[in-house]
Each structure stands twice: as structure tokens, then as C-alpha cells.
Amino acid sequence: EWTHVRRSNDRDFVSLQRIGIPPFTASLHYREQIGNKGDIGFELQFVRRAFHIEYGFNALGGYNNTEGDVVLNILYLTIAPQFKLNRSGTAVFRFGPMIGKKLGGRFVGERNSAGASSGVYTVTNSVIDGPLPDLFKGDIRFLVGLGLLRPWNDTWRIGLDLYSSMTVF
């Protein structure tokens, strides 16, 4: 279980936690040999992320807090050149941008707010069960990977591909 908390000041907060829905990823790769030193690669990757989130702000005159479970579906397009690390080309290094577009998802939770207006203090509680708010979007990531490739025949290779991706924007 992981939690991330970011506070920009004492009033604003964000907290994330993993939930029981298993994440899911499916990928389709294409790599074209462009010379003796490397290849160019393209990848489409569908990623389903699931997490619990709490966010909002607290102020002297009130608060606005949202809490719920998120299922977020993103489709990534990756363009990654791949370079051979040895003569036989069985060890490779690749890197490149991953551009993600939100395909949809679901938010189930609640929103609570309170505040004073014209001397009247109001408290509002509402249940949310529907599409994701605009807060959840696609992202741009940077991928770095190492792979081990074994020739299947003259055209196809079987690979073990380890990679990491970091959010850029």
C-alpha cells in the first residue's frame, strides 16, 4: 500500500492510496530495424489505474473536500528508438516519450463543503457516481528501458523488456 501527500500550504491537500481493483495493462509493439546499431519502435499501451483519492482545501470560513475511488483508463502512444548494447543485438536500450490520452473512467465518492455567505453558514454533502472530473487527464511520460531479445526466426524476436516511465507533464 502506498500513500502520497502533497501540501502546497496548510490549507490544500492531496492524498492517494491504492485500492483492491487490480490495475491492467495491454501493449502492442512494433519495432523496425533501421541499421546495425538500432531500431525505431512504436507502442500502443492501454493502462487502467485504480486508486482512492482525497483532495480539497480547508480555510478559516469553510472547506471543500472530495473523497472517492477512481478507475482511470489511459491510452499511450510511445515513440522509442532502441539501441543495441552488444554486437549480436540481444541486449538493447530504449527511451522516448509516452503521450497519454484519457479514454474514460469512473469516480465513486462524495463531496463535502461548508462556508459562510451573507452571514449564513451552509454545509453541503453530495454523493458522486459517474464520469471522472476534469482533474483526471492523460499525461506525458518519459520511458527508459532495457531488453533481452532472442531470435525466433529471421523476422521475429522474443523479448524480455524491463522499463520504467516517469511523468513529465
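Worth knowing before you read on, the calculation uses all heavy atoms, side chains too, and leaves out hydrogens, waters and symmetry mates.
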From [X] [atom1] over to [Y] [atom2], what is the distance, rounded to the nearest 0.5 angstrom?
{"X": "H29", "Y": "F42", "atom1": "NE2", "atom2": "CZ", "result": "14.0 Å"}
{"X": "I74", "Y": "R49", "atom1": "CD1", "atom2": "CZ", "result": "4.5 Å"}
{"X": "F46", "Y": "L75", "atom1": "CZ", "atom2": "CG", "result": "8.0 Å"}
{"X": "T78", "Y": "L44", "atom1": "OG1", "atom2": "CG", "result": "8.0 Å"}
{"X": "L149", "Y": "D39", "atom1": "CG", "atom2": "CG", "result": "8.0 Å"}
{"X": "E43", "Y": "D161", "atom1": "CD", "atom2": "CG", "result": "7.5 Å"}

Taking CG in N153 as the centre, count heavy atoms belonging to other residues, nucleotides or ligands within less than 6.0 Å. Is the count above 12? yes

With [X] via side chain to side chain contact (heavy atoms under 4.5 Å, CB included) - residues at least two apart:
{"X": "E67", "result": "H52, E54"}
{"X": "F142", "result": "F95, V144, M166, V168"}
{"X": "A116", "result": "Y121"}

Would you say S27 and Q45 are linked by a side-chain donor-acceptor pair, where the criterion is simply a distance under 3.5 Å?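 Side chains of Q45 and S27: pair found under 3.5 Å.
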
Determine, using the 4.5 Å side-chain heavy-atom cutoff (strictly less than), whether [X] and [Y] are members of one ILVMFWY cluster.
{"X": "L72", "Y": "V47", "result": "yes"}
{"X": "V70", "Y": "V108", "result": "no"}
{"X": "F83", "Y": "L85", "result": "yes"}
{"X": "L28", "Y": "L77", "result": "no"}

field: Chi angles and distances behind the side-chain contact (heavy atoms from CB on, under 4.5 Å) call for L135, Y55
entry: CA-CA 11 Å; L135 169 70; Y55 61 94; 3.6 Å; yes

TODO: Output yes when a side-chain donor or acceptor of R141 lies under 3.5 Å from a complementary backbone atom of M98, and no otherwise.
DONE: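 Judged by distance alone, no pair lies under 3.5 Å.
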
**Asked** Are any side-chain N or O atoms of N86 and backbone N or O atoms of T90, one a donor and one an acceptor, separated by less than 3.5 Å?
**Response**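 Between the backbone of T90 and the side chain of N86 there is a qualifying donor-acceptor contact (under 3.5 Å).
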
Shortest non-hydrogen pair, P133 vs F107, comes out as CD-CB, 4.0 Å

* To do: Quickly, which of T66, V127, T124, N125 forms a side-chain contact (heavy atoms from CB on, under 4.5 Å) with R111? Name it, please.
  =>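 Result for side-chain contact (heavy atoms from CB on, under 4.5 Å) with R111: T66.
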
- Message: Once you measure the plane-to-plane angle for F51 and F136, does it fall in the parallel (<30°), tilted (30-60°) or perpendicular (>60°) bin?
- Response: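 Because their plane-to-plane angle lies in the 30° to 60° range, the rings of F51 and F136 count as tilted.
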
Do R94 and Y163 form a cation-pi contact, if we require the NZ or CZ to be under 6.0 Å from the six-membered ring centre and within 45 degrees of the ring's axis? yes

Inset, instruction - Indicate yes or no: does R106 engage D129 in a salt bridge with an N to O separation below 4.0 Å. - result: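 A salt bridge links R106 with D129.
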
Requested in this report: Identify whether the distance between the nearest side-chain nitrogen and carboxylate oxygen of D139 and K101 falls below 4.0 Å.
Outcome: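 No, D139 and K101 are not salt-bridged.
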
